2 protein chains.
Amino acid sequence: MSREITEARFLKQYDPKDYDSPLVTVDIALFTLHESTLQVLLVERGEHPHKGRWALPGGFIDLQADAELHDTAQRKLRQKTGVDVPLLEQVGTVGNAQRDPRGWSVTALYMALVPHAPTAEFIDSVTDARWWPIDEVGKLRLAFDHAELVDLARERLKSKTAYTVLPVHVLRQPFSLTQLQRAFELLMDATLEKKSFRRRILNAGVLEEAGEGVPEGGRGRPTVLYRPAKNSGQYLFTRVFG
Amino acid sequence: MSREITEARFLKQYDPKDYDSPLVTVDIALFTLHESTLQVLLVERGEHPHKGRWALPGGFIDLQADAELHDTAQRKLRQKTGVDVPLLEQVGTVGNAQRDPRGWSVTALYMALVPHAPTAEFIDSVTDARWWPIDEVGKLRLAFDHAELVDLARERLKSKTAYTVLPVHVLRQPFSLTQLQRAFELLMDATLEKKSFRRRILNAGVLEEAGEGVPEGGRGRPTVLYRPAKNSGQYLFTRVFG
DNA sequence: CCTATTATTGGCTAACAGCCACTATATAGC
DNA sequence: GCTATATAGTGGCTGTTAGCCAATAATAGG
């Protein structure tokens with residue numbers, strides 16, 4: 001057996017390429033609301049494998065440019081949307097031997113939310129990226145296991161909507177309670193009772209008033225506008241609708 | 001520009017070692033209850049880097065043996081405990097350039113629960129692994145960023161305990177409601193009201209009766225014993241204590 | 001039998017979701 | 001103006017469930 005070596009010496013002679021390691025990628029499910037539908041951003045792959053198929057935006061870690069896994073997600077998203085998204089969080093990590101034809105592959109899946117308009121102009125000019133209504137994604141035969149990843153992210157979105165104020169991130173500020181309720185309903189895929197919804201949100205103190213606005217459809221009583229209060233992102237309801 | 005190539009040809013000439021990629025590991029925070037304390041399993045590292053420091057059990061993916069990331073976690077855990085743990089789930093993934101002195105590194109963190117006794121005999125015979133009370137982990141200067149990983153897993157444990165019946169997995173079956181309440185309290189790090197606790201658990205229908213047992217301490221009224229019902233693992237409370 | 005000890009239940013209050021009818025304030029057409 | 005209609009917001013009741021805590025049940029040890 002060899003003599004004891006120091007950690008410094010060990011690190012000097014260590015080369016990761018001496019060992020088999022999986023591919024590592026980051027994929028992002030970016031959601032928005034548009035025309036009363038939940039939509040997800042997909043890109044058409046320009047390279048093998050699965051060239052020409054629709055896929056989630058994502059890619060490899062840049063070991064020089066990215067300090068954190070989170071930075072990789074942020075960077076890939078900025079390449080596609082041109083903006084920093086207001087909410088980006090990890091959903092989970094999927095890794096197995098079959099998901100990528102190149103070999104054992106691990107992907108860290110992130111979920112992001114963005115109001116529709118700010119990114120629309122940019123995305124519309126990118127020929128290989130577009131928003132897809134979540135209901136149509138099933139027909140697209142996505143690359144890799146991205147259909148499953150979309151489902152995972154969508155489930156997380158739904159469950160977090162039940163006990164947080166996540167949906168504020170798909171609205172432009174300020175917004176009305178009616179708009180916010182609509183956002184909750186679309187993200188949860190359920191209808192909510194108006195009084196319960198308003199009571200819950202207002203009592204939580206997660207919104208602050210931001211003037212008056214015109215009602216939906218232009219006619220009717222004017223509406224009070226709100227914006228999220230500081231730290232509203234951390235607020236957790238102790239009880240769930242339903 | 002090169003001519004268009006087929007996917008088959010692309011895959012044939014693809015070699016992952018042509019690209020820089022991060023180290024990928026799996027780490028597991030295995031928790032149990034012993035002597036009224038929440039404890040976590042740590043191993044003393046026998047190899048560089050951080051040789052001699054305490055760390056979470058874990059390691060590299062075996063690209064031949066492991067079909068899924070989950071299998072890597074299960075395999076590493078079995079090496080240390082000798083048993084299949086009743087609950088093993090992913091907490092999240094941490095990746096950055098500094099956490100491992102060998103370079104850019106990504107680890108998938110899992111959390112696991114196990115009743116104390118079945119593994120004790122095995123673990124006691126492994127000189128490099130032992131249970132540590134969660135409160136003492138802070139003093140140990142764990143390897144890598146494992147102190148943060150322990151905190152992450154502990155937070156997840158606490159929050160999931162609030163709306164599931166997760167704590168059943170740290171008890172041997174059958175158990176009394178008193179024991180189950182004690183488990184909830186230790187995992188949540190809070191005291192619960194007896195009546196509220198019993199009402200909630202019994203109304204949820206997640207337990208089935210399993211005979212009578214002796215009370216804690218040997219004296220007093222005998223207790224009804226329970227075991228988890230089928231699918232109790234999926235049960236979600238719509239309201240949280242507090 | 002009496003006491004200490006643990007298990008289990010009763011009964012009340014408070015918070016909050018579900019329900020749904022009612023009020024408030026605007027625009028559009030005349 | 002006046003009326004119809006549309007959207008925003010409120011009142012008030014019921015049902016569920018957590019918090020509280022005192023009462024009752026069933027055992028062991030003397």
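Residue numbers start from 1 in every chain, and the chains themselves are labelled A, B, ... in the order their sequence lines are given, proteins ahead of strands. As the structure is a computational prediction, the values presented were derived from the model and not from experiment. The analysis underlying the following values was restricted to heavy atoms, covering all of them including side chains, and did not include hydrogens, waters or symmetry mates.
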Is it true that B:Lys160 and B:Glu89 make a salt bridge, defined as a side-chain N closer than 4.0 Å to a carboxylate O?
->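 Looking at B:Glu89 together with B:Lys160, the answer is yes, because their closest N to O distance falls below 4.0 Å.
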
Charged N to carboxylate O below 4.0 Å: is that the case for A:Asp128 and A:Lys80?
->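 Yes, A:Asp128 and A:Lys80 are salt-bridged.
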
May I ask you to verify if any side-chain N or O of [X] is less than 4.0 angstrom from the OP1 or OP2 atom of [N]?
{"X": "A:Arg198", "N": "D:dG9", "value": "yes"}
{"X": "B:Thr223", "N": "C:dT6", "value": "no"}
{"X": "A:Arg200", "N": "C:dA17", "value": "yes"}
{"X": "B:Thr178", "N": "C:dT6", "value": "no"}

Using whole Å, report how far [atom1] of [X] lies from [atom2] of [N].
{"X": "B:Asn203", "N": "D:dG15", "atom1": "CG", "atom2": "P", "value": "17 Å"}
{"X": "B:Glu216", "N": "C:dT6", "atom1": "CD", "atom2": "P", "value": "9 Å"}
{"X": "A:Gln181", "N": "C:dA17", "atom1": "CD", "atom2": "C1'", "value": "13 Å"}
{"X": "B:Leu192", "N": "D:dG19", "atom1": "CG", "atom2": "C1'", "value": "12 Å"}
{"X": "B:Glu212", "N": "D:dA25", "atom1": "CD", "atom2": "P", "value": "16 Å"}
{"X": "B:Lys194", "N": "C:dG11", "atom1": "NZ", "atom2": "C1'", "value": "15 Å"}

Do B:Arg200's NZ or CZ and the ring of B:Phe241 fall within the cation-pi criteria of under 6.0 Å and 45°?
->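 Satisfied, under 6.0 Å and within 45°.
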
In terms of heavy-atom contacts, does CD of B:Glu136 have more than 12 from other residues, nucleotides or ligands at under 6.0 Å?
->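 Yes.
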
Just wondering, more than 12 heavy atoms not from B:Glu148 lying within 6.0 Å of its CD?
->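 No, not enclosed.
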
Degree of bending, the helix from C:dC1-D:dG30 to C:dC30-D:dG1 (end axes from five pairs; round to 10°) =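 It comes to 0° between the two terminal axes.
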
